[in-house]
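One-based numbering, in listed order, for ligands and for the atoms of each.
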Amino acid sequence: MPPALRSVCVFCGARAGTDPAFTAEARETGAMLARNGWRLVYGAGDVGIMGEVARAALQAGASTMGVIPTHLMQLEQGRADLGTLVITETMHERKKVMFANSDAILVLPGGAGSLDEFFEVLTWRQLGLHAKPILLLDTAGYWTPLAELIDHIIAHGFAEPSIRGFFELVPDLATAEARLSVTLAQPQKRIMKPEGSR
Ligand code: AMP
């Protein structure tokens, strides 16, 4: 039997941000996924660095899956040319379907939406509901204040120090690729199987 297709869920901004490094590393992410034969699972849009990841992944021949709620199809320019396009009713359903169809989570720079998505998978991990790796790609040091915030939360007794072990801040894409190569080579642990799993 051929090995199962491994999928990486990319959470990232629906805007480009101020630093050209965000766009550059988003494009490199799309190409990196294709190079490794990993499927991109993402928010299906064609805007911001989310659009950059997808465009680069498609150009390089990656498998793709996009998940978008009906009401964002226009605003985020949902792409009709993805390998699989899932249109959901709600934002919650979107996150659930993206998560269920992925083996690892990679978070690129983004805003409140990306933070919402990151904290949801982090809290599920904290509760022992899954064991999927969660990587924060620290492009231009963007996520360093978030890691500091989590240290602050630990220091003030609102989280166990073990929470630091549930995600990893990676300084560059090469490090992210190396981490994903190790974890995606292992058999998938199925701890949680929400509706919408493949
Ligand atoms: P942002 O990081 O704010 O640019 O948003 C990144 C992506 O997250 C966009 O596609 C948003 O539509 C999406 N998003 C924002 N909030 C949610 C949510 N509660 N559930 C699922 N996706 C969300």
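In terms of polar-atom proximity, H92 is not counted as a contact of ligand 1, lacking any N or O under 3.5 Å from an N or O of the ligand. Ligand 1 has an N or O atom lying under 3.5 Å from an N or O atom of G113, backbone or side chain. For ligand 1, the polar-atom distance check finds no N/O of M50 at less than 3.5 Å from any of the ligand's N/O atoms.
The closest heavy-atom contact to atom 10 (O) of ligand 1, among the options E76, E93, K95, M91, comes from E76.
Of all heavy-atom pairs spanning I87 and P69, the tightest one is CG2-C, 4.4 Å.
Of the protein's heavy atoms, E117 OE2, 3.3 Å lies nearest to atom 8 (O) of ligand 1. For atom 18 (C) of ligand 1, the nearest protein heavy atom (residue, atom name, distance) is D116 OD2, 3.4 Å. Counting protein heavy atoms only, atom 4 (O) of ligand 1 is closest to A14 N, 2.8 Å. Scanning all protein heavy atoms for the shortest distance to atom 13 (C) of ligand 1 gives R94 NH1, 3.3 Å.
Residue-ligand proximity: G43 is placed with every non-hydrogen atom at 4.0 Å or more from ligand 1. Ligand 1 lies less than 4.0 angstrom from a heavy atom belonging to C12. Using 4.0 Å as the threshold, G45 has no heavy atom nearer than that to any atom of ligand 1.
Looking only at distances, no side-chain donor or acceptor of R6 sits under 3.5 Å from a matching main-chain atom of A185.
R125 places a side-chain heavy atom less than 4.5 Å from the side chain of I134.
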